[in-house]
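Working notes for the structure below.
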Amino acid sequence: MSNAAVAPSLPREEETLEQYREQLLPRGPRWRKWRARLVIPGALLLLAIGGWLFARARGDNAPAYRFAAVERGDIEAAVSATGTLGAVTTVQVGTQVSGQISAIYVDFNDRVTRGQLIARIDPTLQQQAVRDAEAGLERSRAELQKAESDYARDRQLYESHVLTASDFAATEYALAAARAGAKSAQVTLDKARRNLAYTSIYAPIDGIVVERNVDVGQTVAASLQAPQLFLIANDLSRMQILASVDESDIGQIHEGQAVHFTVQAYPGEAFRGTVRQVRLQSTTKENVVNYTVVVAVQNPQGKLLPGMTATVAFVTGSATDVLMVANAALRFRPAGALADSAATLWYVGADGQLASVRVSTGLGDGQRTVIAGDGVREGMRVITAVAQGAPSSGAPSPFQSSSQRGPPGPPF
């Protein structure tokens, strides 16, 4: 009875197990589609990794390089320096007398003409000095008149032998002293009148008021040095640059030389000038010897202002319609290449291998150099450096950007 009761339950347990298996491992069309999506990308990934490892093991791929093209155009060589813009002629207007500023008739940027009244100093003290000098002159003239009368009388007495020679000599001396006193008094009066005239300040030249250093009510004291009241620039349509040039470059500078310069106020604009003078006087600062070069500049539009700092380039040479290349290409040497005194350009040949061509160099502007040689053409792509992070040998990673890899093929 017990055996018959147990046997019928087994098929039911097997059916249940089979149902669980079918649920865990589906065998329908969905399973096959999902498996295809999983297996194919995995296989491609394995193939890519395997190919990269194989190529790396062979080490037959070139490292990544940076390139520059050989260009055709114009080039200029220049010596760089800095300087300060200023007017060609500037005059410091001062005063020779002390006093209080009573009036000012011009301001900054005003145009003035020669002889124009621009300021006045209180003339009270100078007027008093003039009156005092006039009184002194009158006194001296009275003394001179008395001395002349005494001389005429004593001369008659001396000729009549009434007056002794010593007494007549004293009379002559008194007359000479009176004459000298009258002259001195006249000079004192002229000086006082001149100082009175100095209380009116006039423009010495035609120009523009660049600086005004005083205000009404301010007291100026003229002692050993005349105080500066105004600074007048003659003509700002013509200016100059005082550029400081190192002694190692001064030999390349000469009068009439073309100059390019820029100022910070107009960073995208280049101005032109001409060397007007190379001054012989040198200055030494921190053991560096410099010479001052005067550059003449035309300023018809008035853009350039006094005091601006100019970055100057003295053109020492130029060439037109020539082949030129970046200096980095001339400095590049691949690993293992022997040192060579000749200038050499490196490129990737049509077979994917490095190749080189010797060139002769010429004029340079600090960034590019003129080149010439057989096998060098415009548009030729030459190597300037190994790309940062590129392996020195072996194949690049399959995940590396293709833009950094050296393009195989001809250099043209």
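Residues: numbered from 1 along the sequence shown.
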Within a strict 4.5 Å, meaning less than it, do heavy atoms of the Lys285 and Val288 side chains meet? no
For Val93, run the side-chain contact (heavy atoms from CB on, under 4.5 Å) check against Ile118, Asn213, Val112 and tell me which one passes. Ile118
Does CD in Gln367 sit with more than 12 non-hydrogen atoms of other residues, nucleotides or ligands closer than 6.0 Å? no
Tyr266 vs Phe271 aromatic rings, parallel, tilted or perpendicular, using cut-offs 30° and 60°? perpendicular
On a heavy-atom basis, which atom in Gln257 and which in Val315 lie closest, and how many Å separate them? NE2-O, 2.7 Å
Looking only at heavy atoms, the pair that brings Ala337 and Trp346 closest together is CB-CZ2, 4.1 Å
Tell me the closest heavy-atom pair linking Val220 and Pro227, and the distance in Å. CB-CG, 4.1 Å
Could you check whether atom CG of Asp107 has more than 12 heavy atoms from other residues, nucleotides or ligands sitting under 6.0 Å from it? yes
Check the surroundings of atom CD in Gln218: do more than 12 heavy atoms from other residues, nucleotides or ligands lie under 6.0 Å from it? yes
Heavy-atom closest pair, residues Leu354 and Pro334: CD1-CB, 3.8 Å
Hey, what's the ring geometry for Phe168 with Tyr158, parallel, tilted or perpendicular (30° and 60° as the breaks)? parallel
Does Glu211 form a side-chain hydrogen bond (donor to acceptor under 3.5 Å, both in side chains) with Gln228? I'd like the steps, not just the answer. CA-CA 9 Å; Glu211 294 182 15; Gln228 178 179 314; 3.1 Å; yes
Do Leu304 and Val263 have side chains that approach each other closer than 4.5 Å (heavy atoms only, starting at C-beta)? yes
Is the number of heavy atoms from other residues, nucleotides or ligands under 6.0 Å of Arg155 CZ greater than 12? no
How long is the straight-line distance from CG of Asp190 back to CG of Leu137, given to the nearest 0.5 Å? 8.5 Å
Closest heavy-atom contact between Gln126 and Thr199? OE1-CG2, 3.7 Å
Do Glu269 and Lys303 meet the salt-bridge criterion of a basic N to acidic O distance under 4.0 Å? yes
Is the number of heavy atoms from other residues, nucleotides or ligands within 6.0 Å of CZ (Arg139) greater than 12? no
Less than 4.0 angstrom from a charged side-chain N to a carboxylate O is my criterion; do Asp150 and Lys146 meet it? yes
Arg333 atom CZ, neighbour heavy-atom count above 12 within 6.0 Å: yes
So how far is it from Arg368 CZ to Leu330 CG, rounded to the nearest 0.5 Å? 13.0 Å
Shortest non-hydrogen contact from Ser244 to Ala81? O-CB, 3.4 Å
Working to the nearest 0.5 Å, report the span between CD1 of Ile205 and CD of Gln116. 12.5 Å
Between CD1 on residue Ile104 and CG on residue Leu117, distance to nearest 0.5 Å: 11.5 Å
Geometric cation-pi criterion, Arg212 with Phe230: 6.0 Å, 45°: no
For a 4.5 angstrom cut-off between non-hydrogen side-chain atoms, does Val130 reach Leu189? yes
Between Gln277 and Arg279, does a side-chain hydrogen bond (donor to acceptor under 3.5 Å, both in side chains) hold up when you go through it step by step? CA-CA 6 Å; Gln277 183 184 54; Arg279 294 183 177 174; 3.1 Å; yes
What's the verdict on side-chain hydrogen bond (donor to acceptor under 3.5 Å, both in side chains) for Arg120 and Ser200, showing C-alpha distance, side-chain angles and the deciding distance? CA-CA 5 Å; Arg120 190 183 296 276; Ser200 296; 2.9 Å; yes
Rounded to the nearest 0.5 angstrom, the CG-CG distance for Asp74 and Asp321 is 7.0 Å
Are more than 12 heavy atoms, taken from residues, nucleotides or ligands other than Arg276, located less than 6.0 Å from that residue's CZ atom? yes
Side-chain (Asp365) to main-chain (Ile75) donor-acceptor, under 3.5 angstrom: no
Is any side-chain heavy atom of Val91 closer than 4.5 Å to one of Asn234? no
Show your reasoning for whether side-chain hydrogen bond (donor to acceptor under 3.5 Å, both in side chains) applies to Gln128 and Asp132. CA-CA 6 Å; Gln128 293 174 351; Asp132 183 63; over 6 Å; no
Looking at Glu143 and Arg179, is there a salt bridge between them, counting it only when a charged N and a carboxylate O are closer than 4.0 Å? no
So CG of Asn109 and CG of Leu236: to nearest 0.5 Å the spacing works out to 9.0 Å
